[in-house]
There are 2 protein chains.
Amino acid sequence: MDVRRLKYFIVTAEERSISRAAERLHITQPPLTRHIQSLEEELGVLLFTRTSWGVELTQAGAALLKHAHNISAHIELATEQIRRVATGQAGRIDIGVFGSAMLSIIPKLLRSFSATHPDVKVVLHNTPKERQIGALHQGRILVAFDRYLPEFPNITSELVYREPLYVALNQSNPLAQQTEIKLDDLRNEPLIDEQDQSVFIACRTLFKRHSFEPIVAQKAGDLIAATIMVSGGFGTALVPESILNLQLPNVVFRPLATDVECLIDLHCAYRKDEDSRLLNDMLDCVRAYQRDQLPPAAGTPTAA
Amino acid sequence: MDVRRLKYFIVTAEERSISRAAERLHITQPPLTRHIQSLEEELGVLLFTRTSWGVELTQAGAALLKHAHNISAHIELATEQIRRVATGQAGRIDIGVFGSAMLSIIPKLLRSFSATHPDVKVVLHNTPKERQIGALHQGRILVAFDRYLPEFPNITSELVYREPLYVALNQSNPLAQQTEIKLDDLRNEPLIDEQDQSVFIACRTLFKRHSFEPIVAQKAGDLIAATIMVSGGFGTALVPESILNLQLPNVVFRPLATDVECLIDLHCAYRKDEDSRLLNDMLDCVRAYQRDQLPPAAGTPTAA
DNA sequence: CCCGACCCATGCTCTTTTTGTATGGGGTCG
DNA sequence: CGACCCCATACAAAAAGAGCATGGGTCGGG
């Protein structure tokens, strides 16, 4: 059954006349007559009784009319929704994040994205970095937020956010008495590294300049885990400012005082060949955030 | 949007391959490719991403797939119901009745009709005889049940039921003491006639034979109204047996003893040119009723 | 590294469907 | 009784659909 025929039928039923309906439909009367005939033939049912002044619905025709309105509305609703999905006004966006990145500006970013895309379901996937790259390639996620990102084929990334470093100390550590920590203070301090070494990579220039050789006491899966280990007394950790959102027992945070600026980055990564509307909208969000928030965030940290 | 295209799309989405889908659809691959293309063009939306091993749904395509199943099911449901309406298995039947005819076998008849047509809504219209004829002509009712029916153009009728006559007497009437009433007993009795004179017409042979001239004291709209007037003491009425179903205060019913059989008929009337399935089914019901009930009813009345 | 297998897209032709024009039969109204 | 309006049909032109042949691309195996 053709939906166009259904519409022809609806108009004919409304006009109670094939000629008038044809006029309204901007076709001539004979084709419409045959459309009605073939619809009747297809259903094996007489839809109209032909009178001298026009046509009149049979009971079966009246039954079809009821359904026809619903079906037609159903289809229009569907096409509308599909268009919305295609233009990124509705649907779903899958985002990869990992560990401390989540504590960073992601919540704010997603909130501003959701504000302009109320019908898009946002799905966060908390996955290690390497698997995010795979997921990006396979299209299981559209964009990934990570700190340090090496080069991958067909993947590009842009800087979202930079934040200063803090030292996470166990309360019992004598250094906790200081208001800020210098790199030299950490020379004999057992440090907790994490899997991706985002911090150490970010600090490599600083470390080199000071000939600083970190004493790695423990390895943690991510920076949140590292901070939990600090809480447990396993050592000290260098963490980005956003970790300060964590409230853990026996952990104090002190700014890392450095002679050269040392910031840790957050990037977002996506496939070069992906140009879906949803991705572009998300990147627009990120860039708007960069414009609005990056300069002050880099200069004067807002969190305490 | 053509529903055939929707089915093509569904199969393609299921097979994740245009070639395989084409095979399943018993067409070759190029036409299917173009169907998908024109569907995409019509919606202004990319439905599949083409890969080296086949095709994969986009988000918009997935959205369409969900709706497509519903729409397709909706249409099949509708066609099924329309066919049921057309074959008289569902829909609605409008029936005209008037006054005492309703008290007759109509309830039984409708019950047996409903038993075989559970999805047909039965609508009873209580309308005077003349308006029933108009309603029949206009198709507002499909069949009418009436007692005496003169000839009308394009209308035919058949006998449904015959029943004996009773005399409805007010309790205070001396004749109420008799177990049965003879026609001669009514010679000086004020009688209540009704609009259509169904009873007087049914009795005209009997009246003539006995040179009986009824004394018409009152006129009532129908036989039920006549019986109510008997209850009010306005006179005596000749009524068909089915009126005995009425329980009215101060009214007693006595059989009318006659030397020749005198029965009053119930007919059903319908348009000669109407041959809808519903009408024929209803007539089948009536005829089955005639076969089963008419002989005993005519010979030995069952009601007391 | 190339070759065959498989995928989708496209150009071309033939068939089927759909459309418009012209016309006819039947009913209604002045 | 003739003008008028309705629906149905015949016929030709236009459009859409289906199949065949073919091309570009990717993936695996020799």
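The analysis underlying the following values was restricted to heavy atoms, covering all of them including side chains, and did not include hydrogens, waters or symmetry mates. Numbered from 1 within each chain, the chains take letters A, B, ... in sequence-line order.
One distance of note links OG1 of Thr116(B) with CD of Gln89(B); it measures 10.5 Å at 0.5 Å rounding.
The side chain of Arg50(A) places no N or O atom within less than 4.0 Å of a non-bridging phosphate oxygen (OP1 or OP2) of dC6(D). Between dC7(C) and Ser52(B), no contact under 4.0 Å exists linking OP1 or OP2 to a side-chain N or O. Between Ser19(A) and dC7(D) there is a side-chain polar atom (N or O) within less than 4.0 angstrom of OP1 or OP2. An OP1 or OP2 oxygen of dA18(D) is reached within less than 4.0 angstrom by a side-chain nitrogen or oxygen of His35(B).
Residue-level contact check: Thr51(A) touches neither bases nor backbone, having no heavy atom under 4.0 Å from any strand. The residue Arg4(A) sits close only to the backbone: its heavy atoms come under 4.0 Å of sugar-phosphate atoms, none of a base. Counting non-hydrogen atoms under 4.0 angstrom, Tyr8(B) reaches the backbone sugars and phosphates but no base. Across all strands, Arg16(A) comes closer than 4.0 Å to no nucleic acid atom at all (heavy-atom distances). Counting any heavy atom pair closer than 4.0 Å across all strands shown, Gln37(B) reaches sugar-phosphate atoms only and no base atom.
Rounding to whole angstrom units, CD of residue Glu41(A) and P of dT17(C) are separated by 11 Å. Counting to the nearest Å, the P atom of dG19(D) and the CG atom of Leu25(B) are 11 Å from each other. Residue Asp2(B) contributes atom CG, which lies 10 Å from atom P of dA18(D) at whole-angstrom precision. dC8(C) atom P lies 14 Å from atom CG of Leu46(B), rounded to whole Å. Following rounding to the nearest Å, Ile36(A) (CD1) and dT18(C) (C1') show an atom-to-atom distance of 15 Å. The nearest whole Å value for the distance from the CZ atom in Phe48(A) to the P atom in dA8(D) is 10 Å. Rounded to whole Å, atom P of dG19(D) lies 13 Å from atom CD of Glu23(B). Distance Trp53(B) CH2 to dA5(C) C1': 17 Å, rounded to the nearest Å.
For Phe9(B) and Phe48(B), the gap between ring centers is short of 6.0 Å.
Taking every side-chain heavy atom of Ser17(A) into account, dC7(D) is the closest of dC12(C), dC7(D), dG27(C). Ranking dG17(D), dA9(C), dT9(D) by closeness to the Arg5(B) side chain, first place goes to dG17(D). Among the nucleotides dG20(C), dC7(D), dG19(D), the one closest to the side chain of Arg34(A) is dG20(C). In this structure, the nucleotide among dC7(C), dG17(D), dG19(D) sitting nearest to the side chain of Thr28(B) is dG19(D).
When only modelled atom types and interatomic distance are considered, Gln81(A) and His67(B) share a side-chain donor-acceptor pair under 3.5 Å. Between the side chains of Arg5(A) and Ser38(A), at least one donor N or O lies within less than 3.5 Å of an accepting N or O.
Put simply, the side chain of Ser276(A) gets close to the backbone of Leu279(A): a donor and an acceptor are under 3.5 Å apart.
If Gly54(A) and Pro30(A) are placed on DNA chain D by their nearest nucleotide, the residue sitting closer to the 5' end is Gly54(A).
Of all heavy-atom pairs between Leu32(B) and Ala21(B), the closest is CD2-CB, 3.7 Å.
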